Amino acid sequence: MKKQNLKKKIMITLTVFIISIQPVNANENNFNEFTQKFNEFLKCFKDNVKEEFEETKEFQIKKWKEAKNQNKKTLSVVQHKLTGFFSDFPNPKGDK
């Protein structure tokens, strides 16, 4: 889902970029204005990508911790059940 959102954002930004460069003239003032707008746009784009990256890292860390805790719980339940199961068997060395 996030990949699709990122692709949509990239397509929108490319479309806006292409549309915005159409009216640029050879005039120095227009070029400087365009450069400022482009730099601002690029900064916003970088911030969005960085934010998405951080959210993804946090999500992965959270899910890995949840999976690790679930595995620990499952392992302890299995060990408990196996301990109870094997306690019914006679001791091969004899009871002491």
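Just so it is clear, the model here is predicted, and its values are computed rather than measured. Hydrogens, waters and symmetry mates play no part in the numbers below; they use all other heavy atoms, side chains included.
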Determine whether K37 and E40 satisfy the following criterion, salt bridge (charged side-chain N to carboxylate O under 4.0 Å, His left out), listing intermediate values before the conclusion. CA-CA 5 Å; K37 288 181 181 179; E40 184 178 324; over 6 Å; no
May I ask you to list the residues sharing a hydrophobic cluster with V16, side-chain cutoff 4.5 Å, ordered by chain and number? I12
Distance in Å, [X] [atom1] paired with [Y] [atom2], rounded so as to fall on 0.5 Å steps:
X   : Y   : atom1 : atom2 : value
S76 : N71 : OG    : CG    : 10.5 Å
Q60 : W64 : CD    : CH2   : 9.0 Å
I10 : N48 : CD1   : CG    : 11.0 Å

Would you call the rings of F45 and F41 parallel, tilted or perpendicular, taking 30° and 60° as the class edges? parallel
Should L14 and V49 be counted in the same cluster of Ile, Leu, Val, Met, Phe, Trp and Tyr side chains packed under 4.5 Å apart? yes
For residues D47 and K43, determine if any side-chain heavy atom of one lies less than 4.5 Å from a side-chain heavy atom of the other. yes
Scan K57, E52, E51 and name whichever one has a side chain to side chain contact (heavy atoms under 4.5 Å, CB included) with E54. K57
